[in-house]
There are 2 protein chains.
Amino acid sequence: MRKSTLGSLIWLRIARFTHQSNLLSNEFLKQFGITTAQFDILNQVSIYQPVMQSELAAKATVSEGGISRMLTRLEQEGYIQRKQDWKTKWISLTSKGERKIQEVFEHQLAFQTSILNECLTENEQKTLYKLMTKLQKHTEYKLEE
Amino acid sequence: MRKSTLGSLIWLRIARFTHQSNLLSNEFLKQFGITTAQFDILNQVSIYQPVMQSELAAKATVSEGGISRMLTRLEQEGYIQRKQDWKTKWISLTSKGERKIQEVFEHQLAFQTSILNECLTENEQKTLYKLMTKLQKHTEYKLEE
DNA sequence: TTTTATCAATTGAGTAGTAAAGTGATAGTA
DNA sequence: TACTATCACTTTACTACTCAATTGATAAAA
């Protein structure tokens, strides 16, 4: 039918996993009234706050337009605040956002950990982590070119 | 700061890789006048044609509403055709779609293969493929529950 | 001083994903 | 015959992503 290479098969597997895990994650996060994308942004903010929008966009590998709109929504819902300082808006979590991210993070962690533990041994996980790190760093480098 | 498990770190790595590889793929596919999502659908159609919409949605793990709109666009651009047979629409590629998918597939294959080859040895790729397959099959099973 | 460049953020148009409600034809049942 | 269920698909309303054009303020140059 159609010839493939090991590389393209890996690519396909990862794509499938990601798609499916996103469905699972979204379903899981629904109980917290938050989407996967929103969780990612809140998580980044909690790590780097106070952070300017453009920097946050780069950290989350999202376009500036995208971050602008997401933050507008997150601000409306009271999870983050934007402090305008000259032309820069400094983003940080509100206490509501702080509480939300803490709560979700605990559950999310348990959820992801259990899925991995259910199908891979600790050694396998170590190997997978090592290989995925190599691969991810490489695409990161490719993107910067 | 924030505690993590091996499982959650793997999850994060894969998410990052996927996000970045999507950016790369989209950029790459732009020269063929097609998006990543469209390529995925055309690829599935080429494998399973003639296929009904709902089945295609399941194969691509996309909602029925989503597939409906995507197919409308792909039909407008002349890549696929929908033949109504009672209440079912049978999807297949036009010759234009057939040519496009062939052309893109060759390049896409070379592109993905080279990225993997640039950072992992053949043995590492074999291991990664094995581990990712385990993980993906597991989430697939989880989704069906 | 006025003009121009630059920079951070926003906005507009387009694609893509979801859930949920709506369509329209057929099949089964009262 | 009429009523209801079901099924495949479409539509609507929403979030989220892209790129490209725009805004608005300040810094640098004429």
Side-chain angles (χ1 to χ4, degrees), chain A residues 15-16 18-42 44 50-77 79-91 143, chain B residues 15-16 18-42 44 50-77 79-91 143:
Chain A
R16 283 216 179 291
T18 306
H19 195 88
Q20 292 167 349
S21 70
N22 271 343
L23 294 181
L24 282 175
S25 273
N26 267 321
E27 200 174 317
F28 169 78
L29 287 176
K30 204 179 286 171
Q31 63 188 297
F32 301 102
I34 212 176
T35 67
T36 310
Q38 289 177 330
F39 176 75
D40 287 343
I41 299 301
L42 289 181
Q44 293 291 326
V51 60
M52 70 172 81
Q53 285 196 197
S54 49
E55 215 180 308
L56 186 57
K59 300 273 187 214
T61 344
V62 159
S63 69
E64 301 222 356
I67 217 79
S68 179
R69 265 179 283 234
M70 287 217 60
L71 290 177
T72 302
R73 257 172 238 131
L74 288 170
E75 192 177 27
Q76 270 165 12
E77 300 187 21
Y79 291 127
I80 59 129
Q81 56 197 14
R82 303 201 248 198
K83 280 206 182 114
Q84 181 100 31
D85 155 33
W86 180 46
K87 66 186 163 192
T88 301
K89 288 191 174 172
W90 293 95
I91 315 301
L143 263 181
Chain B
R16 282 213 179 294
T18 306
H19 195 87
Q20 292 167 348
S21 69
N22 271 342
L23 295 181
L24 283 175
S25 274
N26 267 321
E27 201 174 315
F28 168 78
L29 287 177
K30 203 178 287 170
Q31 61 188 299
F32 302 102
I34 211 176
T35 67
T36 310
Q38 290 177 331
F39 177 74
D40 287 343
I41 300 300
L42 288 181
Q44 292 291 326
V51 59
M52 70 172 81
Q53 286 197 197
S54 49
E55 215 179 306
L56 186 57
K59 299 273 186 213
T61 344
V62 159
S63 67
E64 301 222 357
I67 217 79
S68 180
R69 246 188 332 194
M70 287 217 59
L71 290 178
T72 302
R73 256 173 238 133
L74 288 171
E75 193 177 26
Q76 270 164 12
E77 301 187 20
Y79 292 127
I80 59 130
Q81 56 197 16
R82 305 201 247 198
K83 281 210 181 108
Q84 181 100 30
D85 155 32
W86 181 47
K87 66 185 162 193
T88 301
K89 288 190 176 174
W90 294 95
I91 315 300
L143 264 181

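Lettering of chains follows the sequences in order, A, B, ..., and the numbering in each one begins at 1. Note that this is a predicted model, so its numbers are computed, not measured.
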Please report the distance, rounded to the nearest Å, between [atom1] in [X] and [atom2] in [N].
X	N	atom1	atom2	result
Glu27(B)	dC17(D)	CD	C1'	15 Å
Leu29(A)	dA19(C)	CG	C1'	17 Å
Asp40(A)	dC17(D)	CG	C1'	13 Å
Met52(B)	dT10(D)	CE	P	13 Å
Lys30(A)	dA20(C)	NZ	C1'	11 Å
Asn26(A)	dG17(C)	CG	C1'	9 Å
Trp90(A)	dA9(C)	CH2	P	9 Å
Leu74(A)	dA9(C)	CG	C1'	16 Å

Minimum heavy-atom separation for [X] to [Y], with atom names?
X	Y	value
Gln53(A)	Ser68(A)	NE2-CA, 3.9 Å
Ala57(A)	Ile67(A)	CA-CD1, 4.0 Å
Leu29(B)	Phe39(B)	CD1-CB, 4.0 Å
Leu56(A)	Val51(A)	N-CG2, 4.0 Å
Thr36(A)	Ser25(A)	OG1-CB, 4.0 Å
Ser54(A)	Glu64(A)	CB-OE2, 3.2 Å

Next on the checklist: Looking only at the side chain of Arg82(B) (C-beta and beyond, no hydrogens), which of the listed nucleotides dA8(D), dA8(C), dT10(D) gets closest?
Outcome noted: dT10(D)

Item to check | Estimated bend of the helix from dT1(C)-dA30(D) to dA30(C)-dT1(D) (axis per five terminal pairs, rounded to 10 degrees) | outcome: 30°

Item to check | Worked verdict on Thr72(B) versus Arg82(B) for side-chain contact (heavy atoms from CB on, under 4.5 Å) | outcome: CA-CA 9 Å; Thr72(B) 302; Arg82(B) 305 201 247 198; 2.9 Å; yes

Checklist entry - For Thr35(B) and Lys30(B), what are the C-alpha separation, side-chain angles and deciding distance, and is it a side-chain contact (heavy atoms from CB on, under 4.5 Å)? => result CA-CA 7 Å; Thr35(B) 67; Lys30(B) 203 178 287 170; over 6 Å; no

Checklist entry - Atom CD1 of Ile34(A) and atom CG of Leu74(A): how far apart are they, to the nearest 0.5 Å? => result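 The CD1 atom of Ile34(A) sits 7.5 Å away from the CG atom of Leu74(A).
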
Next on the checklist: Checking Gln38(A) against Arg73(A): is there a side-chain donor and acceptor pair closer than 3.5 Å?
Outcome noted: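 Looking only at side-chain atoms, Gln38(A) and Arg73(A) do not form any donor-acceptor pair under 3.5 Å.
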
Next on the checklist: Whether the Arg16(A) and Thr61(B) side chains hold a donor-acceptor pair (N or O, under 3.5 Å, no angle test) is what I'd like checked.
Outcome noted: no

Item to check | Audit row: Val62(A), His19(B), side-chain contact (heavy atoms from CB on, under 4.5 Å) steps and yes/no | outcome: CA-CA 9 Å; Val62(A) 159; His19(B) 195 87; 4.3 Å; yes

Next on the checklist: So, does Lys89(B) get its side chain near the phosphate of dT10(D), meaning an N or O under 4.0 Å from OP1 or OP2?
Outcome noted: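 It does, given that an N or O in the side chain of Lys89(B) lies less than 4.0 Å from OP1 or OP2 of dT10(D).
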
Next on the checklist: Is the phosphate of dT10(D) approached by Gln53(B) (side-chain N or O, under 4.0 Å from OP1 or OP2)?
Outcome noted: yes

Grab the N/O contacts between the protein and nucleotides 13-15 of chain C below 3.5 Å, and write none if there aren't any.
| residue | atom | partner | partner atom | Å |
| --- | --- | --- | --- | --- |
| dA13(C) | N6 | Arg69(A) | NH2 | 3.4 |

Checklist entry - Taking for each residue the nucleotide of DNA chain C with the nearest heavy atom, is it Leu23(A) or Gln84(A) whose nucleotide lies nearer the 5' end? => result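 Upstream on the strand: Gln84(A).
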
What does the list of N/O pairs under 3.5 Å between the protein and nucleotides 24-28 of chain D look like, with a distance for each?
| residue | atom | partner | partner atom | Å |
| --- | --- | --- | --- | --- |
| dT26(D) | O5' | Trp86(A) | NE1 | 3.4 |
| dT26(D) | O4' | Trp86(A) | NE1 | 3.4 |

Checklist entry - Between residues 57-68 of chain B and DNA chain C, which residues have a heavy-atom gap below 4.0 Å? => result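 Residues of residues 57-68 of chain B under 4.0 Å from DNA chain C: Thr61(B), Val62(B), Ser63(B), Gly66(B).
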
Next on the checklist: Test of understanding: with side chain to side chain contact (heavy atoms under 4.5 Å, CB included), list the residues that count as partners of Ser63(B), not counting sequence neighbours.
Outcome noted: none

Item to check | By side chain to side chain contact (heavy atoms under 4.5 Å, CB included) - contacts of Thr88(B) (at least two apart) | outcome: Met52(B), Trp90(B)

